[in-house]
Amino acid sequence: MNRSSGATSCTPTVPGDGHSSGHGRSECRRVCSNCRKVLRQEKKIRVSLPLTRGPSAFIPEKDVMQANSLNERMHLLVEEYSTSGRLDNVTQVMSLHIQYLESFLRSQFYMLRVDGPLPLPYRHYIAIMAAARHQCSYLINIHVEEFLKTGGIQEWLNGLEYIPQRLKNLNEINKLLAHRPWLVSKEHIQKLVKTGENNWSLPELVHAVVLLAHYHSLASFVFGSGINPERDFGTSNGYRLISVNHFCVCDLANDNNIENASLKSNSFGLSDSLSELEALMDRMKRLQEEDETSPEEMDTRFEKEKSESLLVVTEDIFYYLLSFSLIAFDEELICDVSCYVEDPGFGYKDFARRGEDHLPTFRAQDYTWENHGFSLVNRLYSDIGHLLDEKFRMVYNLTYNTMASHEDVDTTMLRRALFNYVHCMFGIRYDDYDYGEVNQLLERNLKIYIKTVTCYPERTTKRMYDSYWRQFKHSEKVHVNLLLMEARMQAELLYAFRAITRHLT
């Protein structure tokens, strides 16, 4: 991105840490260089460049391209609903599920292009602010370009200190929704809508909240699917001159030799993967045959799952990965991103964190999307409620009745476990759901992946993506990412809209 001199004052930071980390980055690059050398010289393996080919660094290009070549419907959808006028990498990967893609593009087009409470440049700048909470350079680049195309003021791209106070006032709710949405209260809403020259009307605020939640969750999809930067045919090398989102070369490289070598060098062999699949099928069958669980046992199982989520992916694991160069940071990129972030050290903390004041569980039946959130958003922001509802229902009910190599499989139980586990991590409980299913159906590697993609997506690595469901198709893993994205968005909206409802009452 082009940036005026105002951006140079931004202090580079490691995501999730408010302190300078120049030494850590240089050490990371040194180890990464050594890693490439070992792979080249000792293992006789060719290491790909960081910028891998195709829409995704995680999914082989041929898998996505083959689906796209058969998808005439996708190209018609892009012509009708694309906001950028091009077939972007997110759309190409989502096209593995064309029914969902239509719902996604229609709702995103409505948020960004159709008449609504917010002016067009505001919409794109809010998208930038939301994406910056997760250092998602892919989304930031897209919306910097769109911001300028829709008449945005160039100076605002120097950072938050250059934007109007009204937009600055969104920083707090942006931060909370991105990392700890359960902390959003009616007081935050009252502060934003109070009388004054910088106040927000309720329709404007609802529009802004929908955009924030959409781009927080879309960042999860971008990182979870390893989305590559967009091609830019105006440059000499065919790509924009930005780094791939925070990954190490050795982690991103999708060269078949590396993948094969890693399979041979660990316990993830074919027979193990097949037995893993058969075991999952068996657990699903047994759960379907179990007797009804008592309400008391349901309570116990929810509390157990909520507590056990504390043990999945700690910050210590992140710094362990960093020290072994599985995650690499580009100093200039992080500097640019930090210009759009207030309080960069603020991040996700487990809802059930020990030693802190007890936070009440959000009981889903007390404030549901169907009965409360939907009507509120539709009343204050026209038809977006219908589009969001269609998108949530689409991804939740989407099935091809297959699971890896098995056909005629009812995957309802598995989809429900994925969706409800995300909500559990955000403190949302469904009283009629047996959380014992989560423990039975989601193995540890998958839980690590889910928590990373949902709570701190910028830390996602290809190794995490490869480590679970090794016999499943890439399209099935993309479906997982769609479920995680929509579950996260719905959780953020439930907390925000509950706060708005409390303000109104």
Side-chain angles (χ1 to χ4, degrees), residues 111 116-118 122-123 126 129-130 133 160 164-217 306 341-343 346-353 356-382 384-385 388-389 392 422-431 454-455 487-505:
M111 293 174 210
L118 294 177
Y122 264 55
R123 304 181 195 192
I126 290 169
M129 292 171 67
R133 288 305 318 179
L160 296 179
Q165 187 61 45
R166 290 183 77 234
L167 277 173
K168 286 183 187 178
N169 291 345
L170 285 180
N171 280 326
E172 183 70 10
I173 199 168
N174 179 27
K175 177 179 75 173
L176 294 178
L177 284 176
H179 306 297
R180 304 175 209 171
W182 51 86
L183 296 180
V184 176
S185 67
K186 70 176 183 180
E187 286 74 24
H188 292 109
I189 306 303
Q190 289 167 347
K191 187 176 179 181
L192 286 164
V193 300
K194 68 180 180 181
T195 305
E197 60 177 333
N198 296 314
N199 73 303
W200 291 75
S201 69
L202 278 175
E204 288 175 329
L205 182 57
V206 167
H207 193 172
V209 162
V210 170
L211 284 167
L212 290 172
H214 176 76
Y215 282 100
H216 295 154
S217 58
K306 188 173 68 171
V341 178
E342 182 182 75
D343 192 5
F346 188 92
Y348 174 82
K349 278 190 177 181
D350 293 285
F351 178 83
R353 198 172 184 85
E356 295 185 356
D357 292 338
H358 177 69
L359 292 165
T361 296
F362 187 127
R363 306 187 80 85
Q365 73 272 17
D366 295 337
Y367 194 92
T368 67
W369 165 256
E370 293 80 6
N371 297 328
H372 303 93
F374 171 81
S375 58
L376 176 75
V377 69
N378 242 26
R379 177 158 55 92
L380 293 171
Y381 179 23
S382 191
I384 191 62
L388 293 176
D389 188 61
F392 293 148
V422 171
H423 280 198
C424 177
M425 290 188 299
F426 283 92
I428 298 173
R429 179 190 173 182
Y430 296 86
D431 283 352
T454 305
C455 302
R488 176 183 179 176
M489 182 175 185
Q490 190 178 102
E492 289 190 29
L493 291 180
L494 284 172
Y495 278 111
F497 292 162
R498 185 181 68 169
I500 292 173
T501 300
R502 287 176 173 174
H503 161 71
L504 290 171
T505 55

**Message:** So, using salt bridge (Lys or Arg N to Asp or Glu O under 4.0 Å) as the criterion, who are the partners of Arg363 when residues are at least two apart?
**Reply:** Asp431

Quick check: closest heavy atoms across [X] and [Y], and the distance to 0.1 Å?
X	Y	answer
Val377	Phe374	CG1-O, 3.3 Å
Ala496	Leu177	CB-CD2, 4.0 Å
Tyr381	Gly116	CE1-CA, 4.4 Å
Leu160	Glu342	CD1-N, 3.7 Å
Ala208	Leu118	N-CD1, 3.8 Å

**Item:** Check: Arg133 side chain, Asn174 main-chain N or O, donor-acceptor pair, under 3.5 Å
**Value:** no

**Request:** Spell out, as yes or no, whether a donor-acceptor pair under 3.5 Å connects the side chain of His423 to the backbone of Ala487.
**Result:** yes

With sequence neighbours excluded, what pairs up with [X] under the side-chain contact (heavy atoms from CB on, under 4.5 Å) test?
X	value
Asp343	Lys175, Phe346
Lys168	Ile163, Gln165, Asn171
Arg166	Tyr122, Asn198, Trp200, Glu204
Glu197	none

Hey, what do you get for [atom1] ([X]) to [atom2] ([Y]), rounding to the nearest 0.5 Å?
X	Y	atom1	atom2	answer
Gln190	Ile500	CD	CD1	11.5 Å
Leu205	Leu170	CG	CG	7.0 Å
Ser382	His207	OG	NE2	10.5 Å
Met111	Ile384	CE	CD1	4.5 Å
Thr368	Asn371	OG1	CG	3.5 Å

**Request:** Decide yes or no on side chain to side chain contact (heavy atoms under 4.5 Å, CB included) for Phe392 and Leu493, but give the supporting numbers first.
**Result:** CA-CA 12 Å; Phe392 293 148; Leu493 291 180; 4.2 Å; yes

**Request:** Could you go through the side chain to side chain contact (heavy atoms under 4.5 Å, CB included) check for Met489 and Leu388 one step at a time?
**Result:** CA-CA 10 Å; Met489 182 175 185; Leu388 293 176; 3.7 Å; yes

Is there side-chain contact between [X] and [Y], with heavy atoms separated by less than 4.5 Å?
X	Y	result
Arg429	Cys424	no
Ile189	Ile173	yes
Val193	Asn199	no
Leu202	Leu504	yes

**Prompt:** Residues two or more places apart in sequence or in another chain: which of them pass ring-ring contact (aromatic ring centres under 6.0 Å, His included) with His188?
**Reply:** none

**Prompt:** When the ring planes of Trp182 and Tyr348 are compared, do they come out parallel, tilted or perpendicular, using 30° and 60° as the limits?
**Reply:** perpendicular

**Asked** Which side-chain hydrogen bond (donor to acceptor under 3.5 Å, both in side chains) pairs, counting each pair once, include a residue from residues 491-505, with sequence neighbours left out?
**Response** His216-Glu492, Tyr367-Thr501, Arg488-Glu492

**Request:** Could you tell me which residues satisfy side-chain hydrogen bond (donor to acceptor under 3.5 Å, both in side chains) with Glu187, sequence neighbours excluded, listed by chain and number?
**Result:** Ser185

**Message:** For Asp389, give me all partners under side-chain hydrogen bond (donor to acceptor under 3.5 Å, both in side chains), at least two apart in sequence or on another chain.
**Reply:** Trp369, Arg393

**Phe497 and Val210: CA distance, side-chain angles, deciding distance, side chain to side chain contact (heavy atoms under 4.5 Å, CB included) verdict** = CA-CA 10 Å; Phe497 292 162; Val210 170; 4.1 Å; yes

**Request:** Applying side chain to side chain contact (heavy atoms under 4.5 Å, CB included), run through Val206 and Val209 and close with a yes or a no.
**Result:** CA-CA 5 Å; Val206 167; Val209 162; 5.6 Å; no

